**Student:** 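Encoded as C-alpha cells, here's the structure I'll be asking about.
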4 protein chains.
Amino acid sequence: MRKLPKQQRSRALVESLIDATAAVLAEHGLDNTTTNHIADAAGVSVGSLYQYFPDKESLIEALLERMVKDLTTAFNFQLDSQNLGELDLENLARIAIAIGLTTLRANPLYLELMQNWHRLPVMGPLDKLEQYMLNVARLYFLQHFQRYPVDNLQAKLYVLINSTLFTLARYLSQDNNALREQDILNALVDMISNTLGNK
Amino acid sequence: MRKLPKQQRSRALVESLIDATAAVLAEHGLDNTTTNHIADAAGVSVGSLYQYFPDKESLIEALLERMVKDLTTAFNFQLDSQNLGELDLENLARIAIAIGLTTLRANPLYLELMQNWHRLPVMGPLDKLEQYMLNVARLYFLQHFQRYPVDNLQAKLYVLINSTLFTLARYLSQDNNALREQDILNALVDMISNTLGNK
Amino acid sequence: MRKLPKQQRSRALVESLIDATAAVLAEHGLDNTTTNHIADAAGVSVGSLYQYFPDKESLIEALLERMVKDLTTAFNFQLDSQNLGELDLENLARIAIAIGLTTLRANPLYLELMQNWHRLPVMGPLDKLEQYMLNVARLYFLQHFQRYPVDNLQAKLYVLINSTLFTLARYLSQDNNALREQDILNALVDMISNTLGNK
Amino acid sequence: MRKLPKQQRSRALVESLIDATAAVLAEHGLDNTTTNHIADAAGVSVGSLYQYFPDKESLIEALLERMVKDLTTAFNFQLDSQNLGELDLENLARIAIAIGLTTLRANPLYLELMQNWHRLPVMGPLDKLEQYMLNVARLYFLQHFQRYPVDNLQAKLYVLINSTLFTLARYLSQDNNALREQDILNALVDMISNTLGNK
DNA sequence: CATGAATGAGTATTCATTCAT
DNA sequence: AATGAATGAATACTCATTCAT
C-alpha cells in the first residue's frame, strides 16, 4: 500500500515526458525537438529524462506506442461492447475506420504526428498496429469463413490493412485536400468489401 | 553554339551530383550522408555543389524526382509501345505494377531508397508520382467509360493509387517477409480490379 | 559501550566503500568509475557514500592511502621481526624492494592501480610514502653513520627513494617489458648501494 | 612555390593550436581545458581545430611531443657542438641534466606541464624521450666500452634514465622544496656516475 | 565558375552532488 | 543516518553552409 506512491510518481513522470515529447514535437517540429526542450516542457531536468528513457528515439517510440495502444484499446472496446462479430464486412470496415479516425482526432497531437509520420525516426510501433489489425481480421474470418471464403487471404489482409493505414495517414497529412473525407471513407470501405467479399 | 558546352557541363555536373548522392546514401546510410561526402564522391568541391543545389534536401529531392521520372518514363514507354488502352483493367493493373517493380529493381539504389523512404526528409516527388498515376488512370477511364462506369471515381483512384504505392513501398522495406511477392501482386491486382470493375 | 557498534559500522562502511572503489576501478577502468557504481558495489546508497567521503577524489585518495599503509605496515613488520638494522646497505635495499613488490602483488588491485598511477587524480599519498621511506632511511643512517658517512645525504635519499618508487611504478605499468624483473631489481640495488655506500 | 603559403598556413595553424593548448592548460588547469577554449585562444573556430586534430587528447599529445622534440633537439645540438664524446661520465651526466633543465625552464609552459604531468591523459611521448636517452646512452657506452665496462648495462640504463626523468619531474612539480636544486643535481650525477662508473 | 578552409550554432548525454523524505 | 530520485552544469564533436581567393 505504501509502495504505490513511488511507482505512481514514476509512471506519472513517464507519461508527462511522453506528453511533453508530443507537445514539443507539435510546436517546434521534429527537427527542433531536443531532449532539453522536452525536459523543460515536462517540468523536469534532463537528467531525470534520461533516468526513464535511454535516448531521444525511445521517447518518440513511446509516443507512437501510446498512439497505437489508444487505437487498439478503442477497437477492443467497440469490439466488445457492440457485437461486431455480427456485422457484415462492409459495416465492420466502415466502423473500424471511423473508430480510427475518431481516436486520432480526439488527440490533436496524433494528427500532428500523422502529418509528420514519414519523418519519424522509428516505425516500429506501426508493425504492432499492423499485427493487431491482422489478428483481428484473421479472427473475424475464422468465424465467418462460410460467409466469406477468400483465396489468398493472408496476402489480401496484408495489402488491405497497409493500404488503409497508409492511405489514411497520407490523407491526413495532406493539408489542402480536394477530396472529401466521406468520399475517401466510402472508397476505402468499397475497396475492402469488394476485395474480400465474394460476389 | 558556344553556350551548349557550358550548359552540358552544368547538366552533367547536376547528374553526377545526384549520382553521388545516391551512391553515398546507399553506402553510408542516410544518417552518414553529408554534403562533403557527396561532393567528394562527385569529384567536386562542396562549393560547386552549392552552386547547383541550394541545400542538402534538394539533392535528395532531385534524387527522388529522378526515380519518379524513371518510373513515369517506363510507364509511358509501355503505354505507347503496347496498346495498353486495349487491355482490360486487371491486365493493365498487373502490367503497371510489374513495370514499377522492374524499374525499381533495375537500379539497386532505388531499392535502398524504398527501404528508407520513411526517413527521407522529403516526400514531395511522391505527389508527382501520385498525380501522374491519377492522370493516366483518369485518361484510361475516360476512354473506357462505357465498359467501366464507376461511382466516386476520383476518390477511388486516389485511394487505390496510394494504397498500391505505399503497400509496395512497405513491402519492399520489410526485410524478412513471410509473404511471397507473387501473392502480394495478385492481391493488389484483385484489389484494384474488384474496386473499380463493375460486377 | 553502546557507541562502539555505531563506530564499528561506520568503520566497516568506510572500508567497504574503499573496497568497492578498488573493485570498480579494477573492473571498469578509471574512466568508467562513477560514484554511483561505487555505491552500488558497496551495497550502499550514493547518499551514504557522501556521508563518509566528501567527494570522489577522496575515495581514490583513501584507496591510495590504504596501499601506502599496507606497504609501510609490511616494512615495519619486517623491520621489527628481522634485525634489519644489522643488515648492510645492499641487503637492506634488496629486501625493502622485495617487500614492496610482494605487497603490491599480494593485492591484484594494487597492480591495477600502479598501471594507472599516472592517471590518478591524486598523488598525495605518495608524499606520505616518500616521507616514510625518508624517515626509515634517515634512522638507518643515523645508526650506521660510522659505517656509511655520506655527503649530501638528504638530497641523495630524496633522489634514490623517488627514483626507486617511480622506476618500479613505471616498470609495473609497462605491459610488454623486454627487461627481466630480476635485472631491474639488481640494477636498483646497485644504484642504491653504489650511491650511498662509501667506496 | 605557390604551394608553400597553404602548407605554411596549415603548419602555422597547427603550431598555434598547440600553443593555445599550452596556454589554456597553464591558465585554466587541465580540468577546465576545453576544446572551445583552445580554439578561442588560438583565434580559430572549433571546427578548424577538429580539421587538424582528431580529438582533444591528440592536442595534448602533440604538446608533449613538442616538448620531447625540444629536449632532444637541445641535446643533439650540444652533442654535436661540443665534443661530448670526449667527456667523462660525470660531466656528461651533469651537462645532460643541465640541458634538460635549461630547456624546460626556457618555456614556462613546460614547467607548468611538468607540474601536471601525472594528470595528463597521455604518456606516450615520454616513451620516446626514454628511447632517445637510451639510444644516446648506448652509443656513448659503445664508444667508451674500454673505459666503462658495465654489467647488466641495459637494465642499469633503463633504471637510471627513468630515475632521472621522474625524479626531476617530481622535483619540479613540488612547489615548496626544502632541497636546493644544486644538491639534487649533484645527487643525480653521483647516482649516475657511481652506478655506471667502475671504481 | 571553382575551390575547400573556415565557420559556429547546435545537442545528446554524463555524472558528481544534493536534499526532501 | 540512510535513501536514491532529481538535478543541471558542462563539453566534445558534427556538418550544413559561406566566402575569400
Side-chain angles (χ1 to χ4, degrees), chain A residues 2 5-7 9-10 12-13 17 28 31-40 42-59, chain B residues 6 9-10 13 31-40 42-59 121, chain C residues 6 9-10 13 31-40 42-59 121, chain D residues 2 5-7 9-10 12-13 31-40 42-59:
Chain A
R2 272 302 172 81
K6 217 184 289 183
Q7 291 186 12
R9 245 164 56 87
S10 287
L13 203 45
L17 279 167
H28 295 83
D31 287 335
N32 299 318
T33 296
T34 72
T35 48
N36 283 284
H37 278 162
I38 294 174
D40 275 359
V44 175
S45 68
V46 222
S48 291
L49 184 157
Y50 278 92
Q51 208 129 44
Y52 293 99
F53 293 90
D55 52 28
K56 196 179 152 188
E57 264 199 9
S58 63
L59 274 163
Chain B
K6 221 185 287 182
R9 271 208 340 132
S10 289
L13 205 45
D31 288 334
N32 299 317
T33 297
T34 71
T35 47
N36 282 285
H37 277 161
I38 294 173
D40 274 0
V44 179
S45 68
V46 223
S48 292
L49 183 155
Y50 278 90
Q51 200 96 42
Y52 294 99
F53 294 91
D55 51 29
K56 196 184 163 186
E57 271 199 5
S58 63
L59 274 163
Chain C
K6 221 185 287 183
R9 269 201 350 126
S10 289
L13 204 46
D31 287 334
N32 298 317
T33 296
T34 71
T35 48
N36 283 285
H37 277 161
I38 294 173
D40 274 359
V44 178
S45 69
V46 222
S48 292
L49 184 156
Y50 277 91
Q51 200 96 40
Y52 294 98
F53 293 91
D55 53 27
K56 196 183 161 187
E57 272 199 3
S58 63
L59 274 163
Chain D
R2 272 299 171 83
K6 216 183 291 181
Q7 292 186 12
R9 245 167 52 91
S10 286
L13 203 44
D31 288 334
N32 299 317
T33 297
T34 72
T35 47
N36 283 289
H37 278 161
I38 294 174
D40 275 358
V44 176
S45 68
V46 222
S48 290
L49 183 157
Y50 278 92
Q51 208 129 46
Y52 294 99
F53 293 90
D55 51 28
K56 196 179 152 188
E57 263 197 12
S58 63
L59 274 163

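Computed from a predicted model, the values in this text were never measured in an experiment. In what follows, every chain begins at residue 1, and chains take the letters A, B, ... in the order their sequences are listed.
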**Student:** In whole Å, I'd like the distance from the CZ atom of B/Phe53 to the C1' atom of F/dT18.
**Tutor:** 18 Å

**Student:** Report the nucleotide, chosen from F/dA1, F/dA5, F/dT11, that has the shortest atom-to-atom distance to any side-chain atom of D/Thr34.
**Tutor:** F/dT11

**Student:** Please give, in whole Å, the distance from E/dC15 C1' to C/Asn32 CG?
**Tutor:** 12 Å

**Student:** For the CG atom of B/Leu49 and the NE2 atom of B/His37, what is their distance to the nearest 0.5 Å?
**Tutor:** 13.0 Å

**Student:** Would you say B/Ser45 places a side-chain N or O within less than 4.0 Å of OP1 or OP2 belonging to E/dG4?
**Tutor:** no

**Student:** Over how many whole Å does the gap from D/His37 atom NE2 to F/dA10 atom C1' extend?
**Tutor:** 11 Å

**Student:** Which residue is it: B/Val46, B/Asp55, B/Asp40? I am looking for the one with a side chain to side chain contact (heavy atoms under 4.5 Å, CB included) to B/Thr35.
**Tutor:** B/Val46

**Student:** Quick check for you: among F/dT11, F/dC13, E/dA16, whose closest atom lies nearest to any side-chain atom of C/Asn36?
**Tutor:** E/dA16

**Student:** Roughly how many Å is it from OH in C/Tyr52 to C1' in E/dT17, rounded to a whole number?
**Tutor:** 18 Å

**Student:** What is the base-pairing partner of E/dA20, counting Watson-Crick and G-U wobble geometry with both distances under 3.5 Å?
**Tutor:** F/dT3

**Student:** Tell me the interatomic distance from A/Asp31, atom CG, to E/dA12, atom P, rounded to whole angstroms.
**Tutor:** 11 Å

**Student:** Students often get this wrong, so: under 4.0 angstrom with heavy atoms, is A/Thr35 touching a base, only sugar-phosphate, or nothing?
**Tutor:** base

**Student:** With nearest nucleotides of DNA chain F determined for A/Leu13 and B/Glu57 from heavy-atom distances, which residue corresponds to the more 5′ nucleotide?
**Tutor:** A/Leu13

**Student:** If you look at every strand shown and take non-hydrogen atoms under 4.0 Å, does B/Leu59 touch a base, only sugar-phosphate, or nothing?
**Tutor:** nothing

**Student:** Out of E/dC1, F/dC13, E/dA16, which has the shortest distance to the side chain of D/Tyr50?
**Tutor:** F/dC13

**Student:** Which comes earlier along DNA chain E counting from the 5' end, the contact point of C/Thr33 or that of D/Ser48, where each point is its nearest nucleotide?
**Tutor:** D/Ser48

**Student:** Name the closest nucleotide to the D/Lys56 side chain, picking from F/dC13, E/dA16, F/dT17.
**Tutor:** F/dC13

**Student:** Measure the distance from CD on A/Gln51 to C1' on E/dT13 and round it to the nearest whole Å.
**Tutor:** 13 Å

**Student:** What is the distance, to the nearest angstrom, from the CG atom on C/Leu49 to the C1' atom on E/dC15?
**Tutor:** 13 Å

**Student:** Mind running side chain to side chain contact (heavy atoms under 4.5 Å, CB included) on D/Thr33 and D/Leu59 for me, showing each step along the way?
**Tutor:** CA-CA 11 Å; D/Thr33 297; D/Leu59 274 163; over 6 Å; no

**Student:** Let me spell it out: for each of D/Pro54 and C/Gly43, pick the nucleotide of DNA chain F with the closest heavy atom. Which residue's pick is nearer the 5' end?
**Tutor:** C/Gly43

**Student:** What is the distance, rounded to the nearest whole Å, between atom CG of A/Asp40 and atom C1' of E/dA12?
**Tutor:** 14 Å

**Student:** Distance check, rounded to the nearest 0.5 Å: A/Tyr52 atom OH versus A/Leu17 atom CG?
**Tutor:** 8.5 Å

**Student:** Relative to the 5' end of DNA chain E, which residue comes earlier, A/Asp55 or B/Gly47, by the nucleotide with the nearest heavy atom?
**Tutor:** B/Gly47

**Student:** Which listed nucleotide (E/dC1, F/dA9, E/dA6) is nearest to the side chain of A/Val46?
**Tutor:** F/dA9

